[in-house]
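What follows is a short report on a single structure.
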2 protein chains.
Amino acid sequence: MAKTTTPNHAGAARQRGVTMNDVAKHAGVSRTAVSFVLSNRENASISEETRTRIYEAVHALGYRPNAGARALASQRSDWYGIVTEIVTAPFAVNIIKGAQDQAWLDRKFLLIAPSDQADAVGPNQGMEDAATEKLLEQRVEGLLYAATFHRGVHVPESTKEVPTVLINCFDADGKLPSIVPDERAGGRVAVERLLQAGHRRIGVINLDPQIPAAIGRLEGAREALAEAGLELDPELVVPGYATADGGYEAACRILDRYPQEDRPTALFCLNDRMAMGAYDAIKERGLTIPGDIAVIGFDNQELIAAYLRPKLTTVALPFEKMGALGVQTLAALTAGQPIVADQQLVGCPLLERSSV
Amino acid sequence: MAKTTTPNHAGAARQRGVTMNDVAKHAGVSRTAVSFVLSNRENASISEETRTRIYEAVHALGYRPNAGARALASQRSDWYGIVTEIVTAPFAVNIIKGAQDQAWLDRKFLLIAPSDQADAVGPNQGMEDAATEKLLEQRVEGLLYAATFHRGVHVPESTKEVPTVLINCFDADGKLPSIVPDERAGGRVAVERLLQAGHRRIGVINLDPQIPAAIGRLEGAREALAEAGLELDPELVVPGYATADGGYEAACRILDRYPQEDRPTALFCLNDRMAMGAYDAIKERGLTIPGDIAVIGFDNQELIAAYLRPKLTTVALPFEKMGALGVQTLAALTAGQPIVADQQLVGCPLLERSSV
DNA sequence: GCCGTTTGGTAACGCGCGTTACTTGCGTTA
DNA sequence: TAACGCAAGTAACGCGCGTTACCAAACGGC
């Protein structure tokens with residue numbers, strides 16, 4: 001355990017870092033003066049000359065503030081924490097990106113703590129609790145919880161000690177503020193797009209009908225149809241597993257069920273993976289997209305939607321925006337401001353590509 | 001700016017947290033005793049009775065150690081930092097997952113700092129420098145740099161102050177230790193698999209021939225062929241953009257160029273996105289996979305490989321393992337142990353699915 | 001010549017904790 | 001009985017910094 005210099009980096013720089021005291025000495029002033037200048041306090045009176053002397057010393061010595069010590073003294077850490085299963089199941093990484101970018105803008109640091117993928121019923125409380133605990137030990141000023149897919153969750157008790165915002169999920173018991181996608185509006189815009197293209201008979205490949213995504217998107221679809229004086233034919237709504245295979249099978253069923261003149265001319269797939277399977281079913285039958293059958297997806301999973309041929313028109317889940325909004329909401333909360341609403345809906349924009 | 005309680009959480013818990021002093025008072029002992037017990041020092045002599053009294057007090061008061069203060073006093077933060085563009089371009093997210101899980105195991109905290117996607121030549125030094133600086137202000141004990149795709153990078157100067165390991169990239173100037181995929185072995189195993197299936201004429205859809213991935217994978221392919229007494233026909237290696245469209249076009253060219261008897265019976269696509277396009281080209285020509293043409297990919301982008309029909313046999317990039325190995329290497333480095341090698345190659349396992 | 005005010009600073013405390021050096025009481029041994 | 005050793009703890013310093021209270025000199029007004 002001999003604490004020798006590691007082979008990897010210049011040993012010299014490794015000793016106890018340079019502190020404010022060193023800077024003060026080098027500049028020939030008190031440490032207080034240095035502190036005042038570096039945190040540029042408005043009501044501090046330091047002459048322009050010593051100011052520059054201090055800056056020079058900082059530069060000369062390569063001084064770097066110690067964030068931990070600062071946090072300890074000032075009683076604010078400038079940290080937010082996010083507990084998420086997203087890193088485990090990277091579908092919604094952009095939530096992290098959005099949150100992190102926004103935090104960076106606000107000069108906050110986002111601590112990311114991993115959580116196992118939790119199932120909708122009883123999340124793996126063990127790991128989540130541990131993660132939350134760790135974050136609280138770091139004295140984060142606020143907490144975010146993010147899920148990979150829109151659903152209800154139960155958050156650890158300790159959450160109560162600090163402002164908390166949920167992203168892409170909602171609090172099944174209490175009433176923590178949450179940011180979720182506006183599934184209904186998304187479903188609506190998808191079907192409106194199909195109607196606008198002249199389609200009147202639209203097949204829907206559904207998800208598990210219990211989950212918020214399915215409920216909302218279908219509701220939106222119904223609304224759009226109603227406005228056009230149409231109804232959603234229950235026969236045209238077929239469920240499938242949320243995979244490409246599931247989409248393939250569902251599409252086969254729906255396409256083979258009717259004679260050509262009754263066949264739907266468009267498919268609304270409730271996610272892009274299923275759309276991917278639907279593509280295969282359509283192509284297999286010698287039909288073209290969008291000529292014979294138009295397809296519209298949901299989620300905008302870039303890797304699929306942007307690379308399918310033809311590229312898939314779809315409705316995007318606003319992950320990045322949700323992340324950013326989460327941080328903004330948290331900032332408001334920690335500042336003691338009232339929040340806008342308990343549940344904020346974020347719009348799901350239509351992304352036009354080539355399948356409609 | 002009135003510091004009222006936020007509407008969101010019980011105001012009571014918000015006051016200055018409970019400290020070791022409170023615990024000590026509650027248990028009727030000195031703070032030192034509490035410290036000794038909580039960090040269970042081996043050579044401290046505390047009776048079993050006071051021990052339990054202290055634990056009871058901890059529990060009763062809901063004491064939670066202050067990580068920042070501990071770091072300050074003990075001069076070790078238990079933090080590693082990772083600077084990465086991965087969150088921006090989520091292709092290689094599993095690097096983060098691997099690193100984070102390993103760090104969690106080691107009871108370290110991984111601070112993730114975002115960096116803009118950097119191009120191969122001159123990275124956006126501004127943002128990387130700022131991110132690195134931020135991490136050093138947190139007094140991280142070590143630094144990781146991770147790239148979304150295997151390439152050379154330039155890291156900020158300040159990196160020298162702390163042990164540093166590169167993941168999925170290598171140091172273009174100096175000689176920082178790095179963890180990279182074994183592209184050559186990966187290319188080899190892919191082609192070996194095709195040979196084993198009886199293919200003798202193998203088309204290769206290449207990437208930009210300059211990048212390490214292309215160089216290594218092609219080299220591996222050549223080796224595998226040589227061992228079977230075959231040569232890599234340069235005519236059968238066609239470059240393409242690293243997209244589905246690029247793969248589609250390349251596959252068309254290669255398939256249409258020869259009469260049926262001379263046509264390659266297998267395609268090695270140097271990434272899965274291009275394989276996705278190749279699928280279309282093959283199907284369009286009425287050929288089946290793998291009956292008429294076998295396809296093997298590279299990267300194992302789950303979203304594509306696991307959902308293509310038939311599912312794509314491919315070679316996986318070991319992102320998660322690289323992340324974990326990066327943290328392990330960093331741990332060794334910070335402990336002053338010598339590192340195994342400057343460059344560690346991580347194997348790329350073959351994932352059998354149904355396209356060969 | 002005296003007092004009040006501004007300018008330009010400094011001394012000292014405390015944030016929560018790790019750690020070292022020291023103290024006290026008690027059973028053992030010579 | 002004195003010297004000794006050990007178990008069981010405690011007092012006090014310092015980590016790097018924010019912050020409050022205080023001080024000395026210069027200056028202006030009457």
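Predicted model, so just to flag it, every value in this text is computed and none were measured. Proteins come first, then strands; the chains are lettered A, B, ... in the order of their sequence lines, and each starts at number 1.
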Query raised in the report: Looking at B/Q138 and A/A67, what are the two nearest heavy atoms and their distance?
Result: OE1-CB, 3.4 Å
Report task. Check every atom of D/dG9, D/dA12, C/dC17 against the side chain of B/I46 and return the nucleotide holding the closest atom. Result -> D/dG9
Query raised in the report: In whole Å, what is the span from the CZ atom of B/R76 to the C1' atom of C/dT19?
Result: 14 Å
Query raised in the report: side chain to side chain contact (heavy atoms under 4.5 Å, CB included) with B/L176: which of B/D342, B/T159, B/V165?
Result: B/T159
Query - Euclidean distance, atom CG of residue A/N66 to atom C1' of D/dG16 [Å, nearest integer] - result: 6 Å
Query raised in the report: Just wondering, more than 12 heavy atoms not from B/K321 lying within 6.0 Å of its NZ?
Result: no
Report task. For the pair B/E137 and A/R70, find out whether any cationic side-chain nitrogen is under 4.0 Å from an anionic carboxylate oxygen. Result -> no
**Report entry** Between C/dC17 (C1') and A/Q138 (CD): distance, integer Å
**Finding:** 14 Å
Query raised in the report: Just how far, in rounded Å, is P of C/dT10 from CG of A/N21?
Result: 12 Å
Shorter than 3.5 Å, N or O on both sides, protein versus nucleotides 25-27 of chain C: list them out with atom names.
none

Requested in this report: Send over the distance from B/E137 CD to D/dG16 P, rounded to a whole Å.
Outcome: 15 Å
Report task. Please list residues of residues 54-64 of chain A whose heavy atoms come under 4.0 Å from any atom in DNA chain C, ordered by number; otherwise none. Result -> none
Query - Heavy-atom side-chain contact between B/V180 and B/V346 under 4.5 Å - result: no
Report task. Please figure out whether B/L72 or B/F36 has its closest DNA chain C nucleotide nearer the 5' end. Result -> B/L72
Query - Sidechain N-carboxylate O distance under 4.0 Å for B/K97, B/D101 - result: yes
Query raised in the report: Can you tell me how far P of D/dT19 sits from CD of A/Q75, to the nearest Å?
Result: 10 Å
Query - Any A/S30 side-chain N or O less than 4.0 Å from OP1/OP2 of C/dT10 - result: yes
Query raised in the report: In whole Å, what is the span from the CG atom of A/L38 to the P atom of D/dG18?
Result: 8 Å
Query raised in the report: When the nearest nucleotide of DNA chain C is assigned to A/R53 and to A/R31 on a heavy-atom basis, which residue is associated with the more 5' position?
Result: A/R53
Query raised in the report: Nearest to the side chain of B/T32, which nucleotide is it out of D/dC17, D/dT10, C/dG16?
Result: D/dT10
Query - Donor-acceptor pair, side chain of A/R53 and main chain of A/A27, under 3.5 angstrom - result: yes
Query - B/V87 vs B/I96 side-chain heavy atoms within contact, under 4.5 Å - result: yes
Query raised in the report: Going by modelled atom types, is there a donor-acceptor pair between the base of D/dA7 and the side chain of B/S47 at under 3.5 Å?
Result: no
Query raised in the report: Ignoring hydrogens and angles, does a donor from either the side chain of B/T50 or the base of D/dA8 sit under 3.5 Å from an acceptor on the other?
Result: no
Requested in this report: Would you mind checking if B/K108 and B/E141 are paired as a salt bridge, meaning a charged N to carboxylate O distance below 4.0 Å?
Outcome: yes
Query raised in the report: In this structure, are over 12 heavy atoms from other groups packed under 6.0 Å from B/K134 atom NZ?
Result: yes
Requested in this report: Please report how far the helix from C/dG1-D/dC30 to C/dA30-D/dT1 bends, comparing the axis fitted to its first five pairs with the axis fitted to its last five, to the nearest 10 degrees.
Outcome: 60°
Report task. Take atom CD of B/E48 and atom P of D/dA7, then tell me their distance rounded to the nearest Å. Result -> 15 Å
Requested in this report: Heavy atoms only: give me the nearest A/G323-A/I167 pair and the separation to one decimal.
Outcome: CA-CD1, 4.0 Å
Requested in this report: Examine the base of D/dA8 for any acceptor or donor lying under 3.5 Å from a partner atom in the side chain of B/S45, and report the outcome as yes or no.
Outcome: yes
Query raised in the report: According to a strict under-4.0 Å criterion, is A/S35 in side-chain N/O contact with OP1 or OP2 of D/dG18?
Result: yes
Query raised in the report: Where do A/F319 and A/N94 come nearest, in terms of heavy atoms and distance?
Result: CB-CB, 3.6 Å
